[in-house]
Enquirer: 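Here you go, one structure.
These figures come from a predicted structure and were not determined experimentally. We use all heavy atoms of the structure for the numbers below, so side chains are in, but hydrogens, waters and symmetry mates are not. The chain is numbered in sequence order, starting from 1.
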Amino acid sequence: MLGIVYILLAFLIGREIAGFLLDTEKNREKIKNPIWLFFSVSFAAGILVLTWSLYMVAWFLKVCGNCEDPLFYGNILVMFLGGSGIFFLYFRRRRHQSQAGTMTELIGDKKLFIKESCLYGILFIFLMYMMFYVFYIHDGILYSGFTVYGDYAPHTAMIRSFSAGNNFPTQYPHFGGEDVKYHFMFQFLVGNLEFLGMRLDIAYNFVSVLSLLGFLMVLGQITQRIGGGFAGNIWTVVLFFFRSGITFFRFIWEHLQSGDLWEALCTNTGFLGYTTNENWGLWNFNVYLNQRHLAFGLLIMAVSIWIFIDWLEAGIQHKEKGFRWIYQCFFSKTAWKSISLEKALLLGLLIGLCSFWNGAAVIGGLLILLGFAVFSDGKLDYGIMAFVAVVISLLQSKIFIHGEAMKPVFYWGFLAENKTFLGVVWYLVQISGFFVIGLWFLAYRMQKKERIMLLSFLFPLFFAFLVSLTPDINVNHKYIMISWAFLAVFWGSMLSHLWEGKIAKKLVAVVLVIALTGTGLYDFVIILRNNGPGRRVAIDLESDVTAWLEKDISSDDLILTPEYSMSETTMAGVMLYCGWPYYAWSAGYDTNYRAAIATEMYTTTDASRLAELAKQEGITHILYEEGMTFEEKECREDIIARTFPLVYKSKDGRIKIYETGLSVHYHAGI
């Protein structure tokens with residue numbers, strides 16, 4: 001119940017921000033029912049502001065006040081102040097008889113509103129089904145599908161570090177005792193909702209659905225704004241879920257030749273892939289099931305893009321052509337004069353605050369806005385927005401991260417095997433089919449505004465093939481996914497226009513739909529097949545191991561464990577010295593050092609060396625699992641038991657935990 005109150009309060013706070021950012025009359029000139037924009041902005045802005053406020057208060061209570069229940073008192077304070085502010089504004093409006101933002105103003109076309117309500121209602125049900133299909137709790141057992149559990153392991157560990165522990169100052173649970181290099185605020189939101197009484201799967205899935213639904217609403221409104229209409233809105237959603245690519249068609253051709261096509265289609269349980277790591281599901285809807293926080297970041301950026309389209313439209317309305325228009329875009333007063341300084345400042349604040357919700361979405365969104373800025377009026381506003389966003393992002397990085405947050409290096413070609421220009425183009429064709437290449441043909445039929453938007457939407461894709469920010473180049477696939485999501489609006493608009501034409505155009509539309517969605521549709525079949533019954537990881541949330549760790553281990557403790565991914569131990573939200581190394585390595589941690597230390601501690605025959613290493617690394621507990629190996633080496637429980645006292649043994653005797661006796665806990669020092 002309290003979790004629902006929290007979300008409703010966030011909506012009310014966000015409504016005030018939406019009322020400032022979105023001019024109802026102007027938006028009704030562009031789209032007929034601005035209510036969907038108001039819904040999306042209200043949710044995104046409200047959750048962002050309320051959750052950051054809660055985090056800062058809880059952090060202060062724990063770190064400065066040494067409070068044992070920072071989330072409890074933080075929620076009371078923040079929700080009381082937020083609720084009081086909303087009541088004050090409400091009665092102030094009543095006194096001044098202000099009716100801004102009423103339903104009548106936000107719904108201009110009732111027939112279209114009914115159609116849109118049906119579309120978004122179906123979307124909501126579909127998203128809820130999919131989110132619970134891959135992640136749900138039944139009878140105390142958490143089930144996580146095979147295609148998603150790997151990513152959920154660090155996310156659920158972070159969630160539980162807040163709901164079951166007091167992770168302030170915040171550490172990365174799979175590499176405890178240090179800073180936090182990975183964006184974690186979405187997980188903090190879910191952790192707080194669980195703390196307020198929501199079941200973990202409900203909290204995680206519900207806010208994930210609202211985030212993705214809000215993003216699709218804004219994406220659909222952008223489609224309508226460029227002339228795609230309601231049908232274009234539908235096609236944009238379809239293309240978002242079912243990606244383009246030649247992979248499926250190549251698979252069909254190969255198995256037609258071998259004569260086992262039907263058997264291959266029915267028995268295959270893995271994502272198809274002919275390019276590097278494509279079989280991970282890098283390019284399909286599975287990404288949004290995995291990376292729940294990506295949708296929230298994209299929602300914030302989509303709102304910002306929607307608003308700055310006004311600036312772009314002002315820039316392209318100049319009557320000059322050719323060089324005179326270019327001169328007007330760069331050297332006239334209107335090109336630089338502020339259009340709305342207040343909105344630029346607020347958007348900069350919201351984008352900056354989003355950095356630790358999803359950094360890739362922020363970078364991708366800023367790249368798109370950079371493309372807008374070149375041809376827009378009001379360039380000063382873009383500069384101010386970007387300056388505020390970057391300063392706030394850097395400030396957060398300085399607080400949460402020791403050293404550099406990112407190390408940008410030139411990296412040409414992304415995952416293309418052939419790093420030549422033609423090799424990269426062919427790689428794009430392989431992973432996107434006609435989707436990206438075909439846009440160049442669509443550009444000939446576009447107006448100036450749409451061409452600029454198209455080019456700008458490609459900027460994150462260009463970035464993915466030119467720059468690497470982390471040790472793992474695979475993560476750049478998110479920038480390509482961001483480009484694809486926004487570029488879908490042009491294909492959605494085109495398909496709607498073709499379908500309104502004569503038979504020949506309808507046939508072209510059918511062929512395009514098959515070409516643009518065939519691979520994604522089969523990917524979706526694999527998602528259903530590979531996360532169904534018998535293909536889910538099960539974790540007992542009522543395990544005595546989890547219960548003991550939650551009760552007796554704090555975030556100040558550091559535990560040496562096997563290289564766990566998702567387990568009873570990680571679900572307790574404790575700080576692991578060396579969890580599954582890929583998670584920490586891809587975030588920028590030195591996993592090789594800790595893996596070497598952990599291997600030595602588990603395999604040494606020297607008790608004094610074991611004690612020395614535990615003290616050196618600040619390890620307070622050592623977990624031993626029956627029959628375990630570490631880095632494929634046999635572990636020596638006898639040495640651990642001889643050196644440290646046993647403080648816990650699971651009911652089945654499978655897990656034992658030893659305490660090292662360190663009197664001073666190891667802190668992140670943030």
Side-chain angles (χ1 to χ4, degrees), residues 3-4 6-7 10 39-40 43-44 47 51 119-160 163 185-194 196-220 237-238 240-243 271 281 284-299 357-358 361 478 481 485 520-521 523-533 535-539 541 566 571:
I4 296 296
Y6 182 93
I7 293 174
F39 170 88
S40 301
F43 170 74
I47 287 290
T51 306
L119 171 63
Y120 295 133
I122 292 170
L123 262 179
F124 178 80
I125 294 170
F126 170 74
L127 290 173
M128 287 292 283
Y129 174 80
M130 288 307 303
M131 297 297 179
F132 275 98
Y133 187 78
V134 300
F135 186 83
Y136 70 95
I137 296 172
H138 180 68
D139 291 338
I141 306 296
L142 172 64
Y143 295 93
S144 187
F146 279 4
T147 72
V148 295
Y149 83 91
D151 276 46
Y152 289 171
H155 299 326
T156 52
M158 182 65 81
I159 290 168
R160 277 300 178 91
S163 62
M185 282 300 294
F186 187 86
Q187 290 79 11
F188 171 71
L189 165 65
V190 177
N192 183 58
L193 291 177
E194 187 184 19
L196 291 175
M198 267 195 187
R199 206 172 67 188
L200 173 61
D201 58 335
I202 295 174
Y204 197 30
N205 291 329
F206 188 56
V207 294
S208 298
V209 168
L210 292 181
S211 299
L212 189 49
L213 180 63
F215 173 60
L216 291 173
M217 284 179 175
V218 180
L219 208 60
V237 170
V238 170
F240 174 84
F241 285 112
F242 308 118
R243 62 123 172 174
F271 293 121
N284 59 52
F285 178 52
N286 194 66
V287 171
Y288 293 96
L289 295 175
N290 265 338
Q291 300 285 313
R292 304 293 186 87
H293 50 312
L294 176 59
F296 185 86
L298 288 178
L299 171 55
W357 291 72
N358 192 280
K478 294 174 191 172
M481 293 289 288
L521 283 167
D523 283 339
F524 185 72
V525 171
I526 298 303
I527 291 174
L528 294 176
R529 188 177 291 167
N530 215 18
N531 294 284
R535 303 193 67 81
R536 296 168 177 141
V537 173
I539 306 295
L541 295 181
M566 182 185 286
M571 292 307 297

Enquirer: List for me each residue that meets side-chain contact (heavy atoms from CB on, under 4.5 Å) alongside Ile122, sequence neighbours excluded, and say none if there are none.
Expert: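 Checked Ile122 against side-chain contact (heavy atoms from CB on, under 4.5 Å); zero matches.
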Enquirer: Are the side chain of Asn531 and the backbone of Ile527 linked by a donor-acceptor contact shorter than 3.5 Å?
Expert: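 Yes; judged by distance alone, with no hydrogens or angles, the pair exists.
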Enquirer: Output the distance between atom CH2 (Trp357) and atom NE2 (His293), rounded to the nearest 0.5 Å.
Expert: 11.5 Å
Enquirer: Restricting to non-hydrogen atoms, name the atom on Leu193 and the atom on Gly3 that form the minimum distance, rounded to 0.1 Å.
Expert: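 Smallest heavy-atom distance, with atoms named: CD2-O, 3.7 Å.
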Enquirer: Which heavy atom in Glu194 sits nearest to a heavy atom in Ala203, and how many Å separate them?
Expert: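 Smallest heavy-atom distance, with atoms named: N-CB, 4.4 Å.
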Enquirer: Please identify each residue that fulfils ring pair (Phe, Tyr, Trp, His ring centres under 6.0 Å) with Phe135, with sequence neighbours left out.
Expert: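 Counting only residues at least two positions away or on another chain, Phe135 forms a ring pair (Phe, Tyr, Trp, His ring centres under 6.0 Å) with Tyr152, Tyr204.
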Enquirer: Do we see a donor-acceptor contact under 3.5 Å between the side chains of Thr51 and Tyr6?
Expert: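 Yes, Tyr6 and Thr51 have a side-chain donor paired with an acceptor closer than 3.5 Å.
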Enquirer: With rounding to the nearest 0.5 angstrom, report the CD to NE2 distance, Gln187 to His155.
Expert: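 The CD atom of Gln187 sits 5.5 Å away from the NE2 atom of His155.
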Enquirer: Does the side chain of Ser211 come within less than 4.5 Å of Arg292's, by heavy atoms?
Expert: no
Enquirer: Could you grab the distance from atom CG of Leu212 to atom CG of Leu294, nearest 0.5 Å is fine?
Expert: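 If I round to the nearest 0.5 Å, the distance is 9.0 Å.
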Enquirer: For the CE atom of Met130 and the CZ atom of Phe285, what is their distance to the nearest 0.5 Å?
Expert: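 Reported to 0.5 Å precision, the distance equals 5.5 Å.
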Enquirer: Is the centre of the Phe241 ring less than 6.0 Å from the centre of the Phe126 ring?
Expert: yes
Enquirer: Kindly compute the distance separating CG (Leu119) from CZ (Phe124), expressed to the nearest 0.5 Å.
Expert: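 Between atom CG of Leu119 and atom CZ of Phe124 there are 14.0 Å.
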Enquirer: Kindly state each residue pair satisfying salt bridge (Lys or Arg N to Asp or Glu O under 4.0 Å) with at least one member in residues 210-220, sequence neighbours excluded.
Expert: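 Matches after skipping sequence neighbours: none remain.
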Enquirer: For Val537, check side-chain contact (heavy atoms from CB on, under 4.5 Å) against everything at least two apart and list the hits.
Expert: Phe146, Tyr149, Ile539
Enquirer: How far apart are the closest heavy atoms of Arg529 and Arg535, and which atoms are they?
Expert: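 Answer, listing the atom of Arg529 first, then Arg535: O-CD, 3.3 Å.
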Enquirer: Applying side chain to side chain contact (heavy atoms under 4.5 Å, CB included), run through Phe271 and Thr147 and close with a yes or a no.
Expert: CA-CA 9 Å; Phe271 293 121; Thr147 72; 4.0 Å; yes
Enquirer: Check Gly297 against Asn358 and note the closest heavy-atom contact, atom names and distance.
Expert: CA-CB, 4.4 Å
Enquirer: Look only at the side chain of Arg243 and the backbone of Phe240, and say whether a donor-acceptor pair between them is shorter than 3.5 Å.
Expert: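 Not at all, since once roles are kept as given, no pair shorter than 3.5 Å links the two residues.
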Enquirer: Test of understanding: with side-chain contact (heavy atoms from CB on, under 4.5 Å), list the residues that count as partners of Asn290, not counting sequence neighbours.
Expert: Val148, Asp151, Asn286
Enquirer: Does the side chain of Tyr133 reach to within under 4.5 Å of the side chain of Leu289, using non-hydrogen atoms?
Expert: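 Contact flag for Tyr133/Leu289 side chains = no.
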Enquirer: Measure the shortest side-chain to side-chain distance between Leu123 and Leu216 over non-hydrogen atoms and say whether it is less than 4.5 angstrom.
Expert: yes
Enquirer: Please evaluate residues Met198 and Val190 with respect to the criterion side chain to side chain contact (heavy atoms under 4.5 Å, CB included), reporting the C-alpha separation (whole Å), side-chain torsions for both, the decisive distance (0.1 Å), and the verdict.
Expert: CA-CA 9 Å; Met198 267 195 187; Val190 177; over 6 Å; no
Enquirer: Would you name the heavy atoms of Gly191 and Ser163 that are closest together and state the gap between them?
Expert: O-CB, 3.2 Å
Enquirer: Does a side-chain heavy-atom distance below 4.5 Å link Phe186 with Val207?
Expert: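 Yes, at least one pair of side-chain atoms sits under 4.5 Å.
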Enquirer: Side chains of Asn284 and Phe524, heavy atoms from C-beta outward: is any pair under 4.5 Å?
Expert: no
Enquirer: Write down the atom of Ala485, the atom of Leu219, and the distance for their closest heavy-atom approach.
Expert: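 Smallest heavy-atom distance, with atoms named: O-CD2, 3.3 Å.
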Enquirer: Among all residues two or more places apart in sequence or in another chain, which pass the side-chain contact (heavy atoms from CB on, under 4.5 Å) test with Tyr136?
Expert: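 side-chain contact (heavy atoms from CB on, under 4.5 Å) check on Tyr136 returns Phe132, His138, Tyr143, Asp201, Arg536.
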Enquirer: Say you draw a straight line from OG1 of Thr156 to CG of Leu200; how long is it, rounded to the nearest 0.5 Å?
Expert: 7.5 Å
